[in-house]
Protein chains: 2
Amino acid sequence: MPQDFDLETFLPYLLNQAAEATSKRFQASYKAAYGMTRTQWRVLANLGKFGAMTARDICTISHIEKTKVSRAVAALQADGLLTRTPNPQDRRAEFLALTLQGSAVFHDLGQKAIEYDLALRHSLGPDLAQKLDAVLRDLIAHGGDFIEDAD
Amino acid sequence: MPQDFDLETFLPYLLNQAAEATSKRFQASYKAAYGMTRTQWRVLANLGKFGAMTARDICTISHIEKTKVSRAVAALQADGLLTRTPNPQDRRAEFLALTLQGSAVFHDLGQKAIEYDLALRHSLGPDLAQKLDAVLRDLIAHGGDFIEDAD
DNA sequence: TTGACATAGTTGCGCTTGCAACTAATAACA
DNA sequence: TGTTATTAGTTGCAAGCGCAACTATGTCAA
């Protein structure tokens with residue numbers, strides 16, 4: 001009967017703390033300068049990286065829920081950072097693309113993100129940082145696949 | 001002019017994804033069985049691990065904001081999982097302690113958490129899992145200390 | 001004492017989220 | 001063709017969260 005559970009060694013807890021700690025600072029970049037949400041920043045970053053695509057594509061690529069994407073897209077459009085173009089082949093869907101202004105924001109924030117990421121990795125050391133990448137990707141891919149009852 | 005920012009290699013993003021992926025499944029344990037919030041689960045876990053303490057102590061230990069702690073404590077009390085005892089030395093503060101029922105819940109969830117944690121670590125391999133712990137703790141401690149302008 | 005400041009904890013408000021239900025368009029197939 | 005099932009995207013609602021303001025108590029020092 002192990003009664004010695006310790007939150008401080010619980011992997012999901014540690015991951016959450018680390019994610020919050022590292023995200024918090026960078027959040028200031030897009031929140032203060034552009035009044036953007038994390039979801040908005042991610043949608044922008046995906047469009048900036050991959051070019052025009054539909055909301056559904058963004059969902060698939062980024063694993064963000066469609067509700068969040070929908071609202072983020074509406075907000076980004078309202079701010080003039082992206083445009084929607086109907087797809088004549090499928091009138092349910094719309095192609096999303098960054099405006100010139102949206103691209104400018106993407107380049108500005110992307111630049112800051114790269115610098116921040118480098119600083120973080122620098123503090124960890126190169127090989128550790130690289131291993132961390134692999135481990136995190138592994139957890140992202142398989143982190144929810146163990147316990148078979150739920151869902 | 002590096003325009004090649006890629007979200008997929010951005011450490012805060014990876015950490016968030018990994019945290020979400022691993023937390024989601026375990027969340028089912030406390031949400032489905034006890035209708036608890038993540039914050040409630042964390043407060044319960046801290047009280048279970050460290051015994052009676054004040055809300056302020058929980059804030060200090062866990063880095064959860066006092067507002068969240070306050071509301072989680074109220075909810076846990078309403079569910080009969082903890083009791084508040086006024087501190088005669090300082091009538092602003094209250095000692096919080098798990099009830100018998102609260103302890104039972106803590107042991108149940110703690111057990112499940114240990115199992116889940118072991119499964120996660122097993123999938124990573126022992127040495128990698130251990131390194132991950134150290135890296136995450138490092139990021140938690142220093143993850144926000146680089147960029148000096150914000151705040 | 002009394003007044004200025006600090007601290008424990010709560011509350012109000014606006015915002016983001018998650019979930020389920022919804023609309024509109026398309027696909028599948030008898 | 002008509003009927004049903006999928007899919008793209010939106011919306012309503014009930015939370016939870018973050019922040020600032022607030023209450024009540026305690027501290028310090030003139």
Side-chain angles (χ1 to χ4, degrees), chain A residues 16-17 19-21 23-25 27-28 30-32 34-43 47 52-79 82-96 144 150-151, chain B residues 16-17 19-21 23-25 27-28 30-32 34-43 47 52-79 82-96 144 150-151:
Chain A
N16 265 297
Q17 298 276 100
E20 261 184 53
S23 293
K24 207 83 187 182
R25 260 316 160 94
Q27 186 180 11
Y30 51 77
K31 195 173 179 183
Y34 301 106
M36 284 171 56
T37 286
R38 181 148 74 198
T39 308
Q40 284 166 243
W41 148 243
R42 287 191 186 171
V43 167
L47 284 173
M53 61 203 308
T54 70
R56 163 134 220 292
D57 296 331
I58 296 180
C59 290
T60 306
I61 290 176
S62 66
H63 302 111
I64 306 175
E65 292 209 356
K66 64 179 183 174
T67 308
K68 281 207 277 188
V69 171
S70 174
R71 289 193 250 242
V73 165
L76 291 170
Q77 183 190 28
D79 290 345
L82 67 74
T83 57
R84 315 159 98 120
T85 313
N87 176 358
Q89 260 69 49
D90 182 344
R91 274 148 43 212
R92 292 170 302 181
E94 292 170 312
F95 291 117
L96 308 171
D151 245 14
Chain B
N16 265 295
Q17 298 277 98
E20 261 184 54
S23 293
K24 208 82 187 184
R25 259 317 160 93
Q27 187 181 9
Y30 52 78
K31 195 172 180 184
Y34 301 107
M36 285 172 55
T37 286
R38 180 148 75 199
T39 307
Q40 283 166 245
W41 148 243
R42 286 191 187 170
V43 166
L47 285 173
M53 60 203 307
T54 70
R56 162 132 220 293
D57 296 331
I58 296 180
C59 290
T60 306
I61 290 176
S62 66
H63 303 111
I64 306 176
E65 292 209 356
K66 64 178 182 173
T67 308
K68 280 208 278 187
V69 171
S70 174
R71 289 194 251 242
V73 165
L76 290 170
Q77 185 190 27
D79 290 345
L82 67 74
T83 57
R84 314 158 99 121
T85 313
N87 176 358
Q89 261 70 50
D90 183 344
R91 274 150 40 215
R92 294 169 301 180
E94 293 170 311
F95 291 117
L96 308 171
D151 245 16

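Chain A is the first sequence line, chain B the second, and so forth, proteins listed ahead of strands; every chain is numbered from 1.
If you check distances only, the side chain of B/R91 never reaches the base of D/dT25 with a donor-acceptor pair under 3.5 Å. Under 3.5 Å, the side chain of A/R92 and the base of C/dT26 form no donor-acceptor pair of N or O atoms. Interface remark: the A/R71 side chain does form a donor-acceptor pair with the C/dG18 base, using a distance-only criterion of under 3.5 Å.
Going from atom CE of B/M36 over to atom C1' of D/dA15 covers 16 Å, rounded to whole Å. If you take CD of B/Q27 and P of D/dA15, they are 15 Å apart, rounded to a whole angstrom. Straight-line distance from the CG atom of B/L96 to the P atom of C/dG9: 7 Å, rounded to whole Å. Regarding A/L76, its CG atom lies at a distance of 16 Å from the C1' atom of D/dT10, rounded to whole Å.
Residues B/I61 and B/M53 form a side-chain contact, since some pair of their non-hydrogen atoms from C-beta on lies under 4.5 Å apart. The side-chain heavy atoms of A/R38 and B/N16, taken from C-beta on, include a pair separated by under 4.5 Å.
Applying the 4.0 Å criterion to OP1 and OP2 of C/dG9, one finds that B/S70 has every side-chain N and O outside that range.
Non-hydrogen atoms lying under 4.0 Å from DNA chain C are contributed by A/E65, A/T67, A/K68, all within residues 57-68 of chain A.
Nearest-nucleotide mapping onto DNA chain C: of A/Q40 and B/K31, the residue sitting toward the 5' end is A/Q40. Of the residues near DNA chain D, A/V69 and A/K24, the one whose nearest nucleotide (by heavy atom distance) lies more toward the 5' end is A/V69. Along DNA chain D, the nucleotide nearest A/E20 and the nucleotide nearest A/V73 are compared for position; the residue whose nucleotide lies closer to the 5' end is A/V73. For the pair B/R84 and A/N87, nearest-nucleotide mapping onto DNA chain C gives the more 5' position to B/R84.
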- Go through B/K31 and B/W41 one step at a time and tell me if the side-chain contact (heavy atoms from CB on, under 4.5 Å) criterion holds. CA-CA 9 Å; B/K31 195 172 180 184; B/W41 148 243; over 6 Å; no
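In plain terms, the two heavy atoms of B/A55 and B/L96 that are nearest each other are N-CD1, 3.7 Å.
A donor-acceptor pair shorter than 3.5 Å can be found between the side chains of A/D57 and A/T54.
Between the CZ atom of A/R92 and the CZ atom of A/R56 there is a distance of 10.0 Å, given to the nearest 0.5 Å.
Counting non-hydrogen atoms under 4.0 angstrom, A/R38 reaches nothing in the nucleic acid.
The side chain of A/R56 approaches D/dA8 more closely than any other nucleotide in the set D/dA8, D/dG26, C/dG9.
The local environment of OH in B/Y34 is crowded, with over 12 non-hydrogen atoms from other residues, nucleotides or ligands closer than 6.0 Å.
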